[in-house]
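See structure below.
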Amino acid sequence: MDHDQAVDMLEAITAAFDAHDLDTILGRFADDAVFEGPRGTEPWGTRFVGKEQIREAFAARFSGIPDVRYRDEGTFVDGDRGASEWTLSGTTSSGERIEVRGCDLWTIRAGKIVKKDSYWKIRTSE
């Protein structure tokens, strides 16, 4: 996969997140991929290994924030690593309105995502 193809893939994944399209998202992931979510008790957040665990994590995001939107703010790739910046917005299932800036750090192998490491900037009232 060349540079432009890798950038196109990451931008397509962000668009698929915005569309809540799990099949398209997971079609870009390797079977043994790892997703490290932004929240959790460990320094890396919560780790999900393999497509089934990753599907469950992403499905939970879509059900927890039913109207979640992802706005692409920029993507770059260097070799087998990439980064995407975005703004996530929506209303949680408990009625809380959220808007956060975030980024994903990606690792690519043989044209598939093998790692997605997510970071969020959490807004506070103070």
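The first residue of the sequence shown is numbered 1, and numbering continues consecutively from there. None of the values given here were measured: they were computed from a predicted structure. Below, each value reflects all heavy atoms present in this structure, side chains not excepted, and no hydrogens, waters or symmetry copies.
- For the residue pair D104 and W86, a side-chain donor N or O sits within less than 3.5 Å of a side-chain acceptor on the partner.
- When atom types are taken as modelled, the side chain of Q5 and the backbone of D2 share a donor-acceptor pair closer than 3.5 angstrom.
- Not one N or O on the side chain of H20 forms a donor-acceptor pair closer than 3.5 Å with the backbone of S63.
- Of the possible donor and acceptor atoms, none in the side chain of K116 sits under 3.5 Å from a partner among the backbone N and O of T107.
- The main-chain N or O of Y70 is found under 3.5 Å from a side-chain atom of D18 such that the two form a donor-acceptor pair.
- In this structure, CZ on R28 lies 9.0 Å from CD1 on I113, to the nearest 0.5 angstrom.
- In this structure, the side chains of I25 and F17 come closer than 4.5 Å at one or more pairs of heavy atoms.
- Using a 4.5 Å heavy-atom cutoff, the side chains of I108 and V114 are not in contact.
- The CZ atom of R81 lies 10.0 Å from the CG atom of D78; values are rounded to the nearest 0.5 Å.
- Follow the hydrophobic side-chain contacts under 4.5 Å out from V34 and you never reach I54; the two are in separate clusters.
- The nearest pair of heavy atoms linking A16 to T24 is CB-CG2, 3.8 Å.
- Interatomic distance, OG of S89 versus CD1 of I65, reported as 9.5 Å (0.5 Å rounding).
- Between D23 and R55, at least one side-chain N (NZ, or NE/NH1/NH2) sits under 4.0 Å from a carboxylate O, which counts as a salt bridge.
- Remark: D32 engages R109 in a salt bridge (Lys or Arg N to Asp or Glu O under 4.0 Å) (not counting sequence neighbours).
- The shortest non-hydrogen separation linking S93 to P66 is N-CD, 4.0 Å.
- In this structure, A83 and L10 approach most closely via the heavy-atom pair N-CD1, 4.4 Å.
- In this structure, OG1 on T14 lies 10.5 Å from CD on E73, to the nearest 0.5 angstrom.
- Taking the side chain as every heavy atom from C-beta outward, S84 and E11 never approach each other to under 4.5 Å.
- Of the inter-residue distances, the one linking D8 atom CG with H3 atom NE2 reads 10.0 Å to the nearest 0.5 angstrom.
- Taking the ring centroids of F35 and F58, they lie under the 6.0 Å cut-off.
- Sorted by first then second residue, the salt bridge (Lys or Arg N to Asp or Glu O under 4.0 Å) pairs that include residues 38-54, not counting sequence neighbours, are D31-K51, E36-R47.
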Quiz item: Checking side-chain contact (heavy atoms from CB on, under 4.5 Å) for the pair V68/F62: CA distance, chi angles, key distance, verdict?
Solution: CA-CA 7 Å; V68 68; F62 296 147; 3.7 Å; yes
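- Contact check for L105 versus Y119: side-chain heavy atoms found under the 4.5 Å cut-off.
- Considering CD of E99 and NZ of K121, their distance stands at 14.0 Å, rounded to 0.5 Å.
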